[in-house]
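Labels below follow one simple rule: chain letters A, B, ... track the order of the sequence lines, proteins then strands, and each chain is numbered from 1. Note: hydrogens, waters and symmetry copies are ignored here, and every other heavy atom, side chains too, is used.
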Amino acid sequence: MSRNEDKGLFPSLWDSLSSLRLTIALLIILSVASIFGTVIPQNASPEEYLQVYKITTYKILRILGFLDMYHAGWFILLLALLCLNLIACSLKRFRTTLRFFTPELRLDDGQWKTYSPGQKFTQNGLPAQMLPGIRETLSRSFSPPRVVEASPAFHLFAEKGMFSRLGVYFIHLSVLVILGGSLIGSFYGFRGNVNIIEGQEADQVILRNGEHIHLPGFNVSLEKFSVSFYPTGAPKEFKSILTIREGGRKVLTESILVNHPLTYKGISFYQSSYGIAGVERVILNIKDRESGKEVSLSAMMGNLTEIPGALSAFSLSHFLPDFQGMGPAFQVIFSEPNQPQQKFLILQNHPEFEEKRPGRYRFMIKEIEPRYYSGLQVTKDPGVWVVWAGCFIMIAGFYMTFLMSHRRVWIRLTEKGAETFIEIAGSSHRDRTGFEKEFQKIGQALNDSPMGLKEVKESEGHS
Amino acid sequence: MISAKMVSSVTFLYLACTVLYFNYFAFRSERLGKFATGLSWITLLLHTAAILWRWVESYQLGIGRAPLTNMYESLVFFSWCIALLYLLWERKIKSRIIGAFAMPFAFLFIAYASLAPGISDRIDPLIPALQSNWLHAHVITCFLGYAAFAISCGVSIMYLIKIRKKEQGKKESGWTALFPPLESLDDLIYKTIAVGFPMLTIGIITGAAWANYAWGSYWSWDPKETWSLITWFVYALFLHARFTREWRGKRAAFISIIGFVAVIFTYFGVNYLLAGLHSYV
């Protein structure tokens with residue numbers, strides 16, 4: 001630690017920024033903070049908070065940013081610090097990785113001992129005569145080697161999976177790419193909602209903060225919304241048929257479902273909610289008390305509908321979704337020749353009231369065809385592809401880190417009298433048991449090669 | 001339903017396997033060990049059949065969907081993943097000792113599916129939000145990850161028991177003497193997390209891709225998403241902490257156990273205690 005005192009401010013800052021202790025601390029702080037974010041409801045209304053918290057608690061939480069914690073300055077600062085730490089650690093570590101790009105093609109005796117030595121062979125003849133055969137065997141059983149001549153000795157070096165050492169940098173890079181993608185989304189994207197009633201159109205959406213945003217040069221209309229249910233009562237499908245128009249010209253009509261959004265010019269429309277905006281059409285049974293005849297009619301909301309075989313007509317002027325707790329009701333405006341206009345209410349679930357009402361005709365509601373509105377979430381996120389690219393890099397990084405390993409094999413041919421002495425050594429930075437098998441196969445390949453190598457069981461004082 | 005009855009019998013078989021692995025410990029009999037392994041493979045086979053049969057039954061009901069979509073099915077699948085991963089590891093490391101600490105997890109989760117009140121084994125059709133092909137990739141990767149973490153937690157418990165005895169200066173006697181050496185246990189904790197962590201990552205990524213289709217946003221800080229990220233942070237911490245010497249061994253084993261607690265909270269706690277979008281499982 002005394003070494004640190006000699007350094008200036010900048011190097012010691014760099015030291016703490018590139019320290020693994022900072023990584024550990026940041027991961028712990030971020031985890032604990034995130035727990036608070038899941039326990040304290042986020043982005044709720046003041047009324048909802050005051051039901052749970054005292055007013056002072058609420059104020060403190062609001063000032064500290066705990067009510068929209070993941071977007072609070074201090075949380076973003078922690079994420080930024082994690083990014084800086086990640087970059088610093090990667091740069092620091094990369095210096096040691098860099099040396100694997102210029103591998104040591106020849107090991108000295110000391111290094112030779114540190115790597116796991118394998119079999120030894122001898123054969124009559126000079127190393128130069130042995131070289132082509134050894135080289136060919138190593139290429140075939142492992143990977144093409146590079147050769148260093150240190151006459152009369154030769155050193156061969158072959159490696160596989162060097163990229164595995166870069167896996168960790170890919171993972172670190174991917175975190176930055178993903179966060180970068182999310183930044184692009186928050187600066188250049190938006191997330192809003194729009195409710196469209198069947199048959200109507202919208203050219204703007206309302207953002208969470210209440211701001212309105214115009215769709216760029218097109219509008220969207222809801223042709224039809226439909227909802228279906230399973231016999232259990234659980235929802236089966238929510239479907240909106242949307243039409244996009246540009247300058248009054250129809251561009252496309254497509255239906256969207258949950259899990260099947262529509263994307264046009266970078267803006268996506270998601271099925272998110274629905275509701276009843278009013279009534280489209282009502283099917284009524286109208287009974288003539290004088291003749292006892294009953295007819296079935298379909299009446300469009302607000303339109304004048306004639307009663308067949310009579311000079312009378314009516315219109316449904318108002319829809320009350322729930323009249324005094326008695327269910328759906330309609331106001332009827334009824335006109336007969338030479339009579340003043342009558343207004344009365346009819347209830348779908350209480351036809352008995354209708355029986356008591358004086359007048360020639362009885363109105364009974366058979367079916368109400370609602371007019372739906374569909375709630376669409378409208379999103380623009382130009383950063384989403386950057387995020388997916390980041391995810392892809394991360395998975396590639398994991399593949400390199402956990403499934404690949406950097407394996408290296410050295411062979412040296414040394415002259416020993418009239419014979420050549422052949423030794424092999426190998427190393428793998430991960431999955432040592434897997435490499436052990438591969439390494440033994442290389443030895444086996446040398447043993448089986450037509451060069452007729454003789455295996456030396458004991459090292460016999462050779463170093 | 002036949003599949004639910006099969007699951008009930010498989011539950012008892014897992015109990016039998018757990019008991020056998022413990023007895024293997026107590027009596028150190030190679031024959032008992034072989035028997036435990038054999039019965040476990042048979043149980044896993046029946047378990048697989050139960051899951052496949054439930055799939056068939058969903059078609060017979062005219063619903064036709066993979067059995068991976070509610071609490072009951074996810075518990076059954078979680079247990080299956082634990083048993084499968086454990087048995088593959090047992091083959092690889094050629095040691096059965098871990099069994100007594102891994103099999104109980106497989107038993108507990110499947111028993112919870114069959115016995116806990118409020119967990120329905122009915123096959124219901126899929127609500128719109130779940131009608132997506134991302135479901136399969138998301139559920140399978142998440143639970144394979146969780147299963148690897150469960151085994152890692154089991155090994156961590158072994159590590160802590162063994163090191164405690166060692167620290168107390170007691171002579172290694174009885175059953176802890178059978179435990180693999182501390183270094184091997186430490187290595188196994190790492191290796192199981194090295195499988196679980198990428199799986200959890202792919203699970204989160206497929207979940208994000210799915211959320212982007214269903215909810216219009218790949219990340220909304222929903223409690224389930226946030227807790228999966230907390231879990232991810234804990235295991236990221238584990239992997240980084242191993243690079244510094246003082247965080248190896250005992251501390252690493254503790255982080256692995258904390259990580260599994262986070263997994264359990266992500267899986268159950270969020271559903272039972274916190275409200276959010278992800279209310280199915």
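When Leu27(A), Ile28(A), Val32(A) are compared by the number of non-hydrogen pairs under 4.5 Å with chain B, Leu27(A) comes out ahead. Comparing Leu229(B), Ile205(B), Val234(B) by heavy-atom pairs within less than 4.5 Å of chain A, the highest count is held by Ile205(B). Among the candidates Leu257(A), Thr23(A), Leu26(A), Ile35(A), the residue making the largest number of heavy-atom pairs closer than 4.5 Å to chain B is Ile35(A). Among the candidates Ile202(B), Leu237(B), Val195(B), Ile204(B), the residue making the largest number of heavy-atom pairs closer than 4.5 Å to chain A is Leu237(B).
Listed by sequence position, Thr379(A), Asp381(A), Val384(A) are the residues of residues 378-385 of chain A in contact with chain B, using a 4.5 angstrom heavy-atom cutoff. Contacts between residues 84-94 of chain A and chain B, defined by a heavy-atom separation under 4.5 Å, are made by Arg93(A).
Both the backbone and the side chain of Ala208(B) come within contact range of chain A, each with at least one heavy atom under 4.5 Å from a heavy atom of that chain. There is no contact between Tyr235(B) and chain A, counting heavy-atom distances below 4.5 Å. Proximity to chain A (any heavy atom under 4.5 Å) is restricted, for Trp232(B), to the side chain, taken from C-beta onward. For Ala211(B), no part lies near chain A; criterion is any non-hydrogen pair under 4.5 Å. For Thr231(B), no part sits under 4.5 Å from any heavy atom of chain A, backbone or side chain. For Leu403(A), no part lies near chain B; criterion is any non-hydrogen pair under 4.5 Å. Only the side chain of Leu239(B) comes within less than 4.5 Å of a heavy atom of chain A; its backbone N, CA, C and O stay farther away.
Counting only distance, with no hydrogens or angles, the side chain of Glu237(A) and the backbone of Pro128(B) share no donor-acceptor pair below 3.5 Å. At distances below 3.5 Å, not a single donor-acceptor pair connects side-chain atoms of Tyr70(A) with backbone N or O atoms of Ser220(B).
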| task | List the steps and the verdict of side chain to side chain contact (heavy atoms under 4.5 Å, CB included) for Val258(A) and Tyr213(B). | result | CA-CA 8 Å; Val258(A) 180; Tyr213(B) 275 99; over 6 Å; no

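The local environment of OH in Tyr272(B) is crowded, with over 12 non-hydrogen atoms from other residues, nucleotides or ligands closer than 6.0 Å. Within a 6.0 Å radius of CG in Asn133(B), no more than 12 heavy atoms belonging to other residues, nucleotides or ligands are found. Atom CZ of Phe268(B) has more than 12 heavy atoms from other residues, nucleotides or ligands within 6.0 Å. For Tyr169(A), the OH atom counts as densely surrounded, since its 6.0 Å shell holds more than 12 non-hydrogen atoms of other residues, nucleotides or ligands.
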Could you tabulate the donor-acceptor pairs under 3.5 Å formed by side-chain atoms of residues 387-398 of chain A, not counting sequence neighbours?
none

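Evaluation of the salt bridge (charged side-chain N to carboxylate O under 4.0 Å, His left out) test over residues 250-265 of chain B, restricted to residues two or more places apart or in two chains, returns Glu167(B)-Lys250(B).
Interatomic distance, CH2 of Trp219(B) versus CD1 of Ile178(A), reported as 10.0 Å (0.5 Å rounding). Atoms CZ and OG1, on Arg122(B) and Thr232(A) in that order, are 7.0 Å from each other to the nearest 0.5 Å. The CZ atom of Arg21(A) sits 15.5 Å away from atom NE2 of His240(B), with the distance rounded to the nearest 0.5 Å. Between the OG atom in Ser31(A) and the CD1 atom in Ile230(B) there is a gap of 6.5 Å [rounded to 0.5 Å]. Residue Thr201(B) holds its OG1 atom at 8.0 Å from CD1 of Ile171(A), rounded to the nearest 0.5 Å.
Here the shortest heavy-atom pairing between Phe233(B) and Leu30(A) reads CE1-CB, 3.8 Å. A pairwise comparison of heavy atoms in Ala234(A) and Ile127(B) identifies CB-CG2, 4.4 Å as the closest pair.
For the residue pair Trp134(B) / Asn259(A), no side-chain donor-acceptor distance below 3.5 Å is found, with atom types taken as modelled.
The shortest side-chain heavy-atom distance between Ser182(A) and Tyr218(B) falls under the 4.5 Å cut-off. Put simply, the side chain of Tyr230(A) does not reach to within 4.5 Å of the side chain of Asp124(B), judged on heavy atoms. In this structure the side chain of Pro125(B) never reaches within 4.5 angstrom of the side chain of Lys236(A), judged on heavy atoms. Using a 4.5 Å cut-off on side-chain heavy atoms (C-beta onward), Thr38(A) and Trp221(B) make no contact.
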